[in-house]
Visitor: 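This is the structure, below, for whatever I ask next.
Position 1 is the first residue of the sequence, and the numbers go up from there. Note that the coordinates shown come from a computational prediction; the quantities given were computed from them, not determined experimentally. Atom set for the values below is all heavy atoms of this structure, side chains included, hydrogens, waters and symmetry mates excluded.
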Amino acid sequence: MAASESRKRKHPTHRKLLRNAKVEMRSEEEGFQGSWHPGTVISVDCKRRRHVQYHHFLNDDGDSLVDVVSVSPILDGIDPGSVDRTCYRGNIRPLPPKIELSKSKLQYGLCVDVFHNDAWWEGVIFDHDDDSGERMIFFPDLGDELKTGIDTLRITQDWDEVTDNWRQRGIWVFLELIEKYKQEWYIAGVSLKQIWYDVRDKEGFEEQIKEWTCPIRDVWEELVVEVTDDNINITVDTLLGFLDLPRCMSPEAEESQVELDSAGFVSDANLNPFSWSCDQFLKNPKSEVVVPFPDVTKCILSLEDKNRLSCNRVYSRKRIGRFKRRLGTPQMATPSTTS
């Protein structure tokens with residue numbers, strides 16, 4: 001009893017977003033996912049719902065459309081207790097505070113909202129044209145891209161329903177991890193969007209992340225590594241098929257880790273197997289061939305050592321095992337906070 005009262009004193013709650021409050025509502029309707037629409041609360045009922053009149057949507061009679069929005073217990077003054085809200089994504093909020101916008105702040109991967117068709121659409125900056133007046137924006141909810149003027153953008157902010165604080169979402173964790181691994185691991189012929197779709201389709205995404213806005217870095221990293229490994233294996237399979245070489249299947253190879261001691265390194269290797277020609281990677285039938293590996297993407301191995309050549313999958317699997325073992329307390333991206 002005392003602990004419960006202490007928790008309530010620590011997290012005082014009161015009803016929020018009441019009548020006449022200016023709000024934004026997030027749509028989950030097909031084709032509108034990730035869009036926030038301005039409106040005004042016109043009434044509150046006893047079933048944890050807000051009746052909101054849209055500012056820009058009209059009904060069939062030409063009047064402003066009214067929608068009924070269910071809210072979390074917090075917004076009705078109910079103590080949430082110890083519920084984990086790390087990846088929570090609300091569907092109604094006050095109007096976010098304005099943040100001064102400048103070109104220097106608009107870096108690759110930054111989460112921004114785009115004002116388009118009378119709504120704010122959540123996306124991320126998807127190019128490196130830092131000095132341009134137009135930027136390419138990718139919308140993870142929809143999988144679409146849009147090039148738009150920076151005058152239509154605002155910095156994405158997330159609202160804490162308990163504290164009423166706003167915080168900038170910052171760089172999308174997924175793109176941050178891709179930037180981290182793109183120099184270390186090679187993925188041939190796979191777009192960033194395709195990698196995102198592959199990550200989103202993983203079972204662990206629905207179980208642990210649920211929303212692309214989730215800031216838990218370690219969970220993201222495990223899925224990105226898994227998808228990257230899958231794509232590397234596809235690339236190696238394609239290369240070995242092109243060379244007419246089998247994967248190693250011997251027990252000795254399965255238990256061994258790839259040895260790279262005798263590998264020679266090259267700095268100008270063309271690592272796209274789809275664009276290679278024989279004279280680019282094969283000097284003679286028993287000579288050397290460039291093979292992409294997760295850690296050593298530019299190495300030369302002898303064709304006579306077929307165990308080493310065909311054990312890339314074993315090496316990748318061992319690497320992921322080491323990665324999983326070093327995962328400790330989940331690390332979250334550190335957004336800036338505005339009050």
Side-chain angles (χ1 to χ4, degrees), residues 4-5 7-99 111-123 139-142 152-169 210-215 335 337-339:
S4 176
E5 291 177 355
R7 185 171 65 248
K8 289 182 179 180
R9 286 195 297 269
K10 186 176 181 180
H11 300 288
T13 58
H14 58 275
R15 302 187 80 192
K16 304 174 183 179
L17 305 184
L18 304 179
R19 192 171 184 272
N20 294 326
K22 304 297 182 184
V23 297
E24 289 181 347
M25 293 159 293
R26 181 172 63 89
S27 176
E28 296 179 347
E29 185 179 345
E30 184 69 28
F32 292 88
Q33 297 98 320
S35 60
W36 290 89
H37 302 264
T40 302
V41 178
I42 59 175
S43 66
V44 177
D45 63 30
C46 59
K47 298 180 180 180
R48 293 213 324 258
R49 299 186 302 184
R50 305 293 187 267
H51 297 247
V52 182
Q53 186 176 60
Y54 286 96
H55 290 175
H56 301 297
F57 285 162
L58 303 179
N59 58 26
D60 294 338
D61 297 326
D63 299 323
S64 294
L65 182 67
V66 175
D67 197 6
V68 179
V69 183
S70 297
V71 301
S72 68
I74 295 173
L75 297 184
D76 255 2
I78 300 174
D79 191 338
S82 58
V83 177
D84 183 6
R85 299 172 60 82
T86 305
C87 296
Y88 174 73
R89 193 180 184 190
N91 57 3
I92 186 171
R93 66 186 185 187
L95 302 181
K98 292 184 178 181
I99 297 178
C111 295
V112 294
D113 302 335
V114 180
F115 192 71
H116 180 71
N117 289 342
D118 296 322
W120 290 100
W121 301 73
E122 292 185 337
F139 304 97
D141 285 302
L142 301 171
T152 66
L153 304 180
R154 72 181 184 187
I155 304 296
T156 300
Q157 301 178 78
D158 294 312
W159 181 53
D160 188 317
E161 294 181 348
V162 177
T163 65
D164 284 336
N165 291 332
W166 291 85
R167 66 178 185 180
Q168 297 180 34
R169 189 175 295 167
K210 298 183 177 63
E211 299 281 1
W212 72 268
T213 56
C214 179
T337 303
T338 53
S339 300

Visitor: Measuring from atom CG of Leu65 to atom CG of Leu58, what distance do you get when rounded to the nearest 0.5 angstrom?
Guide: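 One gets 8.0 Å once the value is rounded to the nearest 0.5 Å.
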Visitor: Ion pair present between Asp141 and Arg89, side-chain N to carboxylate O less than 4.0 angstrom?
Guide: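 Here Asp141 pairs with Arg89 in a salt bridge, since their nearest N and O are under 4.0 Å apart.
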Visitor: Do Val71 and Ile92 have side-chain heavy atoms sitting under 4.5 Å apart?
Guide: yes
Visitor: I need the Leu75 CG to Ser70 OG distance, nearest 0.5 Å.
Guide: 11.5 Å
Visitor: Check whether any side-chain heavy atom of Trp121 sits under 4.5 Å from a side-chain heavy atom of Leu142, and report yes or no.
Guide: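 Side chain of Trp121 against side chain of Leu142, heavy atoms only: contact under 4.5 Å found.
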Visitor: Quick one: do the Thr156 and Glu122 side chains pair a donor with an acceptor below 3.5 Å?
Guide: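 No, no side-chain donor-acceptor contact under 3.5 Å.
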Visitor: For Asp63, does its backbone N or O pair with a side-chain atom of Asp61 as donor and acceptor, under 3.5 Å?
Guide: no
Visitor: Would you mind telling me which of Trp36, Phe115, Phe139 makes a ring-ring contact (aromatic ring centres under 6.0 Å, His included) with Trp120?
Guide: Phe115
Visitor: Mind listing the closest non-hydrogen atom pair of Ser72 and Glu161 along with its distance?
Guide: OG-OE1, 2.6 Å
Visitor: Is a donor from one side chain sitting under 3.5 angstrom from an acceptor on the other, for Asp118 and His37?
Guide: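 There is no such pair (donor and acceptor under 3.5 Å, judged by atom type) between the side chains of Asp118 and His37.
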Visitor: How far does CG of Asp76 sit from CG of Asp45, to the nearest 0.5 angstrom?
Guide: 8.5 Å
Visitor: Is the backbone N or O of Pro94 less than 3.5 Å from a side-chain atom of Trp159, with the two atoms forming a donor-acceptor pair by type?
Guide: no
Visitor: Give the C-alpha distance, both sets of side-chain angles, the deciding distance and a yes or no for salt bridge (Lys or Arg N to Asp or Glu O under 4.0 Å) between Glu24 and Arg26.
Guide: CA-CA 7 Å; Glu24 289 181 347; Arg26 181 172 63 89; over 6 Å; no
Visitor: I want to check something: taking the side chain as every heavy atom from C-beta on, are Tyr54 and Asp67 in contact at a cut-off of under 4.5 Å?
Guide: yes
Visitor: For the pair Lys16 and Asp164, find out whether any cationic side-chain nitrogen is under 4.0 Å from an anionic carboxylate oxygen.
Guide: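 Salt bridge present between Lys16 and Asp164.
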Visitor: Would you say His55 and Ser64 are linked by a side-chain donor-acceptor pair, where the criterion is simply a distance under 3.5 Å?
Guide: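 The answer is no; no qualifying pair exists.
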Visitor: Might you work through the side-chain contact (heavy atoms from CB on, under 4.5 Å) test for Val44 and Arg15, ending with a clear yes or no?
Guide: CA-CA 10 Å; Val44 177; Arg15 302 187 80 192; 3.2 Å; yes
Visitor: Apply side-chain contact (heavy atoms from CB on, under 4.5 Å) to the pair Arg50 and Val68, showing each step before the final yes or no.
Guide: CA-CA 6 Å; Arg50 305 293 187 267; Val68 179; over 6 Å; no
Visitor: Using modelled atom types only, decide if a donor and an acceptor are shared between the side chain of Gln33 and the backbone of Gly31 within a distance under 3.5 Å.
Guide: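 Between the backbone of Gly31 and the side chain of Gln33 there is a qualifying donor-acceptor contact (under 3.5 Å).
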Visitor: Distance-only, no hydrogens or angles: does the Asp160 side chain make a donor-acceptor pair with backbone N or O of Val162 under 3.5 Å?
Guide: yes
Visitor: So, for Pro140 and Gly123, which heavy atoms are closest and what is the spacing to 0.1 Å?
Guide: CD-CA, 4.1 Å
Visitor: CZ of Arg49 to OG of Ser43: how many Å apart, nearest 0.5 Å?
Guide: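 That separation rounds to 9.5 Å.
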Visitor: Which value, rounded to the nearest 0.5 Å, describes the distance between Gln157 atom CD and Gln168 atom CD?
Guide: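 Going from the CD atom of Gln157 to the CD atom of Gln168 covers 6.0 Å.
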Visitor: Go through the side-chain N and O atoms of Tyr88 and Glu211 and say whether any donor and acceptor fall under 3.5 Å apart.
Guide: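 No, no side-chain donor-acceptor pair sits under 3.5 Å.
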Visitor: Just verifying a value: how many Å separate Ile74 CD1 and Arg48 CZ, rounded to the nearest 0.5 Å?
Guide: 10.0 Å
Visitor: Are the side chains of Val23 and Val52 in contact, using a 4.5 Å heavy-atom criterion?
Guide: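 Val52 reaches Val23 side chain to side chain.
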Visitor: Of all the heavy-atom pairs spanning Ser27 and Glu29, show the shortest one and how long it is.
Guide: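 The pair with the smallest heavy-atom distance is OG-N, 3.2 Å.
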Visitor: Compute both the distance and the angle, then confirm whether Arg169 meets the cation-pi test with Trp212: under 6.0 Å from the six-membered ring centre, within 45 degrees of the axis.
Guide: yes
Visitor: Go through it in stages, so that I can follow the logic: the residues are Val41 and Asn20, the test is side-chain contact (heavy atoms from CB on, under 4.5 Å), and I'd like the CA-CA distance, side-chain angles, deciding distance and then a yes or no.
Guide: CA-CA 5 Å; Val41 178; Asn20 294 326; over 6 Å; no
